[in-house]
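Note on naming: letters A, B, ... go to the chains in the order of the sequence lines (proteins, then strands), and numbering restarts at 1 for each one.
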Amino acid sequence: MMLTRRAMLGAALALPVAARAEQFAGRYEPRAEPIADGLWMVRGADAPIEFGNGGAIANSALIATEAGTVLFDPGVSLTHGQALAALALQVTGIPVARVYVSHLHPDHAFGAAAFDPWIVHALPATRKELERDGEGLSDAMYDLLADWMKGTNLVLPLGDVAAGDATFGGRDFRMFALSGHSGGDLALLDRRTGTLIAGDLVFHDRAPSTPHADLPSWRAALDVLEATPHKLLLPGHGPLDTDHTAITQTRDWLDWIDATLRKAVAGGLSMAEAGDIAIPGRFARLKAARYEWQRSVSHFYPGLEEELLPRLQEIRP
Amino acid sequence: MMRPTIFLAAIAALPASASAQALPADPLDSPMWQYHAERLFAGMPVSFDERVKIEMPIIAENQHAFPVAIDARALPGARRIVLFADLNPIPVALDYRPLAAEPFIATRIKLDQATPVRAAVQLEDGSWHLAGKWIDASGGGCSAPPVSRVRGDWAEHLGEIRGSGWHEGSETRLRISFRHPMDTGLVENIPAYNIDNVTVSRADGTPLARMHVFGSVAEDPAFTVIVDDPARTAFSVSARDTGGLEFSGSLAPATRPVMASLHP
Ligand SMILES: [Zn+2]
């Protein structure tokens, strides 16, 4: 049975108008916490992207330099990026002169719309992924966040970041070109303060998300970060890591989802049932754990079924 | 509960217009409730029933493949399960008949927009028992081309079947998946083309479960059924698509139990 056009029109008329569209008064109010010399953390909400939080769920960093403020991850939308720019000027006294986009995900990347694309830098792999997926991700964000996204055009970073040592405005950084959470994951070590800004390679007390993940590369990237001496770690989501636990926690979660997904497929569970599997108590402090687990089931299950379920012997009539 | 024969005699004696029972108010308040209920349930008694369990994720992470598991094992006499999404352009995804099988079915469907997703379970007496939830989905699950069409390799793998079996008490749980684009006909220049019938039988040919499948089932459709299997036999699976192609395969007897502690 296909629905007739008239039936669908009737349904559309009967649907209640989304009340949220009628009286939009959303405003981003990011706040900066000083965490080290000339370095501030801007905390995202430890939640899924929702209309209620305007999609402001990713952490950002502000780094003061002589040439201007470095903004690591410009937020989710035009007005979010603008709010972060205003915040940067307020706390450092000098405007944003360089924006780094850690990876393609909208909560980290789409606020680039608020900046001159020439000051927005990213890994070449990230630009490629934004070229490939940016439009689709943008549609999904407009769908979910509606008015919060107003005026947010997809801005492709025009500056390339390469791995290795870099200096900006007299401040020395080490740039890491990694992958695993996505096809291009940028991390930055601020040499002056020993702060490792890890993007979404590291989540802290918030379950990691896996829509573009490659788990073996992600683990390899965590090895690199772990082997990099640092005092503080600023994760892509969740609170500042001051005691070297966030990398271990992220790896623990990735190992658990990998093993559990395989067990579920090999053990005969359907995808919907796998989504309801009990999450071990040691992950109780991770926010959005059930939500991210179910997302990961969706990301990996069909591929694992193809890998783990045998082909049937064909019956020839 | 009325015995089926008596019940059928009773409705046969009534004029058609009077036989229709008043529909209960829809707890999901769907704009399409009346429309679908009148067509699907054809005047038989309808109730919303907690014994029908429908298991789905909190959100539609992938609107092209949204997992649903329906379990009506708590309802004695369940003989048919219809899975439908009110606001999908192809609302019914699956019409399942467990012949010598439990009233349990799991699959993945496409969602075209936010919609109620429902399980309707019919008992021997003709009555329908429902459960469902609103699922928030971003658009385009039915109107985007399948991945294998975009990649262009759909024909290479067409009809490949994968699967396995697991003991579940005296029964066997079978998971079966087919490679098939499951074209909805709603994508420009790609006519509707989908698997429309699946039958699971014992190796000796005794049919255990049958389903009618529609274009709103996800690409590379996957199904989980639980069939009677006291003698631990081998199985065969056969499917037909709307192009008249037939796919079939055989499954060895199950040798291992299903994963324990589904629920904490
Ligand atoms: Zn991310």
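The distance from atom OG1 of A/T260 to atom CE of B/M259, rounded to the nearest 0.5 Å, is 7.0 Å. Taking CG of A/L144 as the reference point, atom CD1 of B/I59 lies at 9.0 Å (rounded to 0.5 Å). A/E314 CD to B/S250 OG: the interatomic distance, rounded to the nearest 0.5 Å, is 10.0 Å. With values rounded to the nearest 0.5 angstrom, A/L312 atom CG is found 8.5 Å from B/F178 atom CZ.
For chain A, the option among B/I176, B/T107, B/L251, B/L174 with the highest count of heavy-atom pairs below 4.5 Å is B/L251. The residue among B/D71, B/I58, B/V237 with the most heavy atom pairs within less than 4.5 Å of chain A is B/I58. Most heavy-atom pairs under 4.5 Å with chain B, from the set A/A266, A/P211, A/G275: that is A/A266.
Within a 6.0 Å radius of CD in A/E50, other residues, nucleotides and ligands contribute more than 12 heavy atoms. Counting non-hydrogen atoms of neighbouring residues, nucleotides and ligands closer than 6.0 angstrom, the CZ atom of A/R282 exceeds 12 such neighbours. When the shell of 6.0 Å around CG of B/D29 is examined, it contains 12 or fewer heavy atoms from other residues, nucleotides or ligands. Counting heavy-atom neighbours within 6.0 Å of A/E307 CD, excluding the residue itself, gives a total above 12.
Residues B/R173 and A/E273 are paired through a salt bridge, judged by an N-O separation under 4.0 Å between the basic side chain and the carboxylate. A salt bridge links B/E160 with A/R311: at least one charged nitrogen is closer than 4.0 Å to a carboxylate oxygen.
The heavy-atom pair separating A/L269 from B/R175 by the smallest distance is O-NH1, 3.1 Å. Considering every non-hydrogen atom in both B/P67 and A/M271, the closest pair reads CB-CB, 3.6 Å. Here the closest non-hydrogen pair linking B/V258 and A/G267 is CG2-O, 3.2 Å.
Under the side-chain hydrogen bond (donor to acceptor under 3.5 Å, both in side chains) criterion, B/S30 pairs with B/D86, sequence neighbours left out.
In this structure, chain B has heavy atoms under 4.5 Å from both the backbone and the side chain of A/P302. Residue B/A69 touches chain A through both its backbone and its side chain, counting heavy-atom pairs closer than 4.5 Å. Of the atoms belonging to A/A264, heavy atoms from both backbone and side chain fall under 4.5 Å from chain B. The contact between B/F104 and chain A is made entirely by side chain atoms (from C-beta outward), counting heavy-atom distances below 4.5 Å. With a 4.5 angstrom heavy-atom cutoff, B/T224 touches chain A only via side-chain atoms.
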Starting from the C-alpha separation in whole Å, work towards a yes-or-no answer on salt bridge (Lys or Arg N to Asp or Glu O under 4.0 Å) for A/E305 and B/R108.
CA-CA 13 Å; A/E305 285 173 336; B/R108 308 197 266 263; 2.7 Å; yes
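Contacts between residues 286-298 of chain A and chain B, counted as heavy-atom pairs separated by less than 4.5 Å, involve A/R290, A/Y291, A/Q294, A/R295, A/S298.
Between the side chain of B/R162 and the main chain of A/P310, no donor-acceptor pair closer than 3.5 Å is present.
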